[in-house]
Student: 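Okay, handing you the structure first.
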Amino acid sequence: MLTLPAGAAGSRIVGIGHHQPEKVLTNDDIARLVETNDEWIRSRTGIVTRHVAADDVTVADMATAAARHALADAGVAGEEVDLVIVATTTAVDRSPNTAGRVAYALRTGVQPGASTPEGEDEPDLRDVVGPGVIDVNTACSGFAYSLGLADQAVRAGSARTAVVVGSEKLTAVTDWSDRSTCILTADGAGAVVVQAADAPGVGPVVWGSEPEITPAVRIEAPAERFAQDGRAVFKWAITRAADRARRVVEASGLSLDDIEVLVAHQANLRIIEPLAKGLGLEDRIVVTDITESGNTSAASIPLGMSKWWHTGRIPAGAPALLFGFGGGFTWAGQVVMTPQR
């Protein structure tokens, strides 16, 4: 007879963090690359600025910075983490995976293979048991998928403290001559710390896919450049996204009247606003970080949530609906309680 570990009754988010590259690209900067202008981009996407990582900055670098910010927000030491999950569709390396690189950096302060900072001894990791490390690639819904896996791992007894990160370097896979996509993409990372709790603070993940539009959003060989059927994505978002999001809320045991915060994938302001209206949430707190951060795929939900959390625009202990959708074509979401301050 097999035995199962005694898992926690639930999990909760105890810290939130983010990281964005310093370089900012404006709409006027984009207009110097392709035939467009600030008014055209704003009217069709809502985007005003986006952040772009330097050539030598990796997905793992940004993920690590966001993870550290979240751990500091939670007051949790890196040594306490026993699971790291990173959602990304733009990582370059196959192995070590991004989560493994983040876990190593949280322990040592450097990425695997990098030199130890001057004046410090090489870390002795011979007797160290590191956390479980998982990469998830469902593109723009990846963070919601990853948070769901972390919650299930905690409730199953496989972890007690998890770091869940969304990190993307979309500008590295952008065709800067394609006006339909280069106006959207950006780089950044967001993270949360999830811990075991006596009562659920993360609702059940509800996830799915849309087979008929599987190729609508893609990064495929040999070009390996971001491409999408914008009309198909917009049509799905306007006609079906609200239905999928309602399923998420129903699974949580709450109603839409209970939701105080909506954090949807920051794909396009012209999608976020109709989604909020379709759910009857337009008068609640609707995160619209798309305007200053662009589309960061799997990073967009935790990035936007963290920025608004740390500027006080999201209250503590509030029911928040997280809902991601995109490449694959995938979608996923859950209702979470925001951390206590």
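Only this structure's heavy atoms are used, side chains among them; waters, hydrogens and symmetry mates stay out.
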Student: State yes or no: do V287 and V164 share one hydrophobic cluster built from I, L, V, M, F, W and Y residues joined by side-chain heavy-atom distances below 4.5 Å, directly or via other members?
Tutor: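 Yes, because V287 and V164 connect within a single hydrophobic cluster, where side-chain heavy atoms sit under 4.5 Å apart.
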
Student: Surrounding CZ of R160 (heavy atoms of other residues, nucleotides or ligands, distance under 6.0 Å), is the total greater than 12?
Tutor: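 Atom CZ in R160 is not packed in, count stays at 12 or less.
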
Student: Looking at D93 and R101, is any side-chain nitrogen of the basic one under 4.0 Å from a carboxylate oxygen of the acidic one?
Tutor: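 Yes, this pair counts.
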
Student: Could you tell me whether a side-chain N or O of S141 sits under 3.5 Å from a main-chain N or O of G326, the two making a donor and an acceptor?
Tutor: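 It does not hold such a pair.
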
Student: Would you give the length of the straight line joining atom CG of L33 to atom CG of D28, rounded to the nearest 0.5 angstrom?
Tutor: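 Going from CG on L33 over to CG on D28, the span is 11.5 Å.
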
Student: According to ring pair (Phe, Tyr, Trp, His ring centres under 6.0 Å), does anything in residues 164-223 pair up with another residue at least two apart or in another chain? List the pairs.
Tutor: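 Counting only pairs at least two positions apart or across chains, the ring pair (Phe, Tyr, Trp, His ring centres under 6.0 Å) contacts touching residues 164-223 are Y145-W207.
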
Student: Enumerate, atom names and distances included, each donor-acceptor pair closer than 3.5 Å involving a side-chain atom of residues 183-192, sequence neighbours excluded.
Tutor:
from, atom 1, to, atom 2, distance (Å)
T185, OG1, T174, OG1, 2.8
D187, OD1, L170, N, 2.9
D187, OD1, T171, N, 3.0
D187, OD1, T171, OG1, 3.2
D187, OD2, A53, N, 2.7
D187, OD2, T171, OG1, 2.6

Student: In this structure, would L322 and L254 fall into the same cluster of hydrophobic residues linked by side-chain contacts under 4.5 Å?
Tutor: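 No; tracing contacts between hydrophobic side chains, which count when under 4.5 Å, never links both residues.
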
Student: Counting only heavy atoms not in R94, do more than 12 fall under 6.0 Å of its CZ?
Tutor: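 For R94, atom CZ is not crowded (no more than 12 foreign heavy atoms under 6.0 Å).
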
Student: Looking only at heavy atoms, what is the nearest atom pair of G148 and Q334, with distance?
Tutor: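 In terms of heavy atoms, the two residues are closest at N-NE2, 3.5 Å.
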
Student: Within the 4.5 Å heavy-atom criterion, are T138 and S146 side-chain neighbours or not?
Tutor: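 Contact flag for T138/S146 side chains = no.
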
Student: Could D289 and K307 be called an ion pair, given the rule that one side-chain N must be under 4.0 Å from one carboxylate O?
Tutor: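 Between K307 and D289 there is a salt bridge, with a charged N closer than 4.0 Å to a carboxylate O.
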
Student: If only atom types and distance count, is the side chain of R107 paired as donor or acceptor with the main-chain N or O of G130 below 3.5 Å?
Tutor: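 Flag not set: sc R107 to bb G130 has no pair under 3.5 Å.
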
Student: Do any N or O atoms from the side chain of S209 and from the backbone of P211 form a donor-acceptor pair under 3.5 angstrom?
Tutor: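 No; zero donor-acceptor contacts below 3.5 Å.
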
Student: Testing the 3.5 Å rule here: is there a donor-acceptor pair between the side chains of T89 and N137?
Tutor: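 Yes, side-chain donor-acceptor contact under 3.5 Å.
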
Student: Go through the structure and list residues passing ring pair (Phe, Tyr, Trp, His ring centres under 6.0 Å) with H69, not counting sequence neighbours.
Tutor: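 Ring pair (Phe, Tyr, Trp, His ring centres under 6.0 Å) list for H69, sorted by chain: H18, H310.
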
Student: Might you point out which heavy atoms bring S252 and P204 nearest each other, and give the distance in Å?
Tutor: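 Looking at all heavy atoms of both residues, the closest pair is CA-CD, 4.1 Å.
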
Student: So, taking the atom named OG1 in T64 and the one named CD in Q111, what distance separates them when rounded to the nearest 0.5 Å?
Tutor: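 Separation between the atoms: 4.5 Å.
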
Student: Look at the side-chain heavy atoms of Ile, Leu, Val, Met, Phe, Trp and Tyr, link any pair under 4.5 Å apart, and say whether L262 and W308 land in one connected group.
Tutor: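 Hydrophobic grouping puts L262 apart from W308.
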
Student: For W331, is the NZ or CZ atom of R240 found under 6.0 angstrom from the centre of its six-membered ring and inside 45 degrees of the ring axis?
Tutor: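 Geometry flag: not set, cation outside 6.0 Å or 45°.
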
Student: Of all heavy-atom pairs between A99 and V84, which one has the smallest distance, and what is that distance?
Tutor: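 Closest approach of A99 to V84: CB-O, 3.5 Å.
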
Student: Let me check something: do V52 and M62 share a hydrophobic cluster, defined by ILVMFWY side-chain heavy atoms less than 4.5 Å apart, either directly or through other members?
Tutor: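 In one cluster with V52: M62, no.
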
Student: Could you check if a side-chain atom of W236 sits within less than 4.5 angstrom of a side-chain atom of E210, using non-hydrogen atoms only?
Tutor: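 W236 reaches E210 side chain to side chain.
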
Student: What's the spacing between F226 CZ and S180 OG if we round to 0.5 Å?
Tutor: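 Atom-to-atom, F226:CZ and S180:OG are 8.0 Å apart.
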
Student: Does V193 reach the side chain of D73, with side-chain heavy atoms less than 4.5 Å apart?
Tutor: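 SC-SC contact between V193 and D73 ruled out.
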
Student: Would you check if there is a donor-acceptor pair between the side chains of R42 and N37 at a distance under 3.5 Å?
Tutor: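 R42 and N37 do not have a side-chain donor-acceptor pair below 3.5 Å.
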
Student: Does T58 have any side-chain hydrogen bond (donor to acceptor under 3.5 Å, both in side chains) partners at least two apart in sequence or in another chain, and if so, which?
Tutor: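 If we apply the side-chain hydrogen bond (donor to acceptor under 3.5 Å, both in side chains) test to T58, skipping adjacent residues, the hits are D61.
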
Student: Would you say the side-chain atoms of K169 pair up with the backbone N or O of V92, donor to acceptor, closer than 3.5 Å?
Tutor: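 Not a single qualifying donor-acceptor pair exists.
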
Student: Hey, are T296 and E168 close enough side-chain-wise for a donor-acceptor pair under 3.5 Å?
Tutor: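 T296 and E168 do not have a side-chain donor-acceptor pair below 3.5 Å.
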
Student: Could you check whether atom CD of E22 has more than 12 heavy atoms from other residues, nucleotides or ligands sitting under 6.0 Å from it?
Tutor: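 Counting neighbours around CD of E22, 12 or fewer heavy atoms of other residues, nucleotides or ligands fall under 6.0 Å, so no.
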
Student: Restricting to ring pair (Phe, Tyr, Trp, His ring centres under 6.0 Å), what partner residues turn up for Y104, sequence neighbours left out?
Tutor: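 In terms of ring pair (Phe, Tyr, Trp, His ring centres under 6.0 Å), with neighbours along the sequence ignored, Y104 is linked to no residue.
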
Student: Using every non-hydrogen atom in the two residues, find where P215 and R218 come nearest and quote the distance to one decimal.
Tutor: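 What the structure gives for the nearest pair is O-NH1, 2.9 Å.
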
Student: Tell me the closest heavy-atom pair linking L83 and A159, and the distance in Å.
Tutor: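 L83 and A159 have their closest heavy atoms at CB-CB, 3.9 Å.
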
Student: Would you kindly say whether T161 and Q195 are connected by a side-chain donor-acceptor distance under 3.5 Å?
Tutor: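 Present: a donor and an acceptor within the cut-off.
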
Student: Tell me whether D55 at atom CG has more than 12 heavy atoms from other residues, nucleotides or ligands lying less than 6.0 Å away.
Tutor: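 Count not over threshold, so no.
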
Student: Provide the closest heavy-atom pair for L303 versus H19 in the form atom of the first, atom of the second, distance.
Tutor: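 Heavy atoms of L303 and H19 come nearest at CD1-O, 4.2 Å.
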
Student: Test of understanding: with side-chain hydrogen bond (donor to acceptor under 3.5 Å, both in side chains), list the residues that count as partners of T239, not counting sequence neighbours.
Tutor: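 Applying side-chain hydrogen bond (donor to acceptor under 3.5 Å, both in side chains) to T239 gives none.
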
Student: Quick one: does T338's side chain have a donor or acceptor within less than 3.5 Å of a partner on A318's backbone?
Tutor: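 Confirmed, T338 side chain pairs with A318 backbone.
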
Student: Passes side-chain contact (heavy atoms from CB on, under 4.5 Å), I290 versus T45? Steps please.
Tutor: CA-CA 8 Å; I290 179 76; T45 70; 5.9 Å; no

Student: Under a 3.5 Å threshold, yes or no: a donor from one side chain and an acceptor from the other, between Q266 and S293?
Tutor: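 Looking only at side-chain atoms, S293 and Q266 do not form any donor-acceptor pair under 3.5 Å.
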
Student: May I ask you to decide whether R247 forms a salt bridge with D243, counting only side-chain N to carboxylate O separations under 4.0 Å?
Tutor: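 Yes, R247 and D243 are salt-bridged.
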
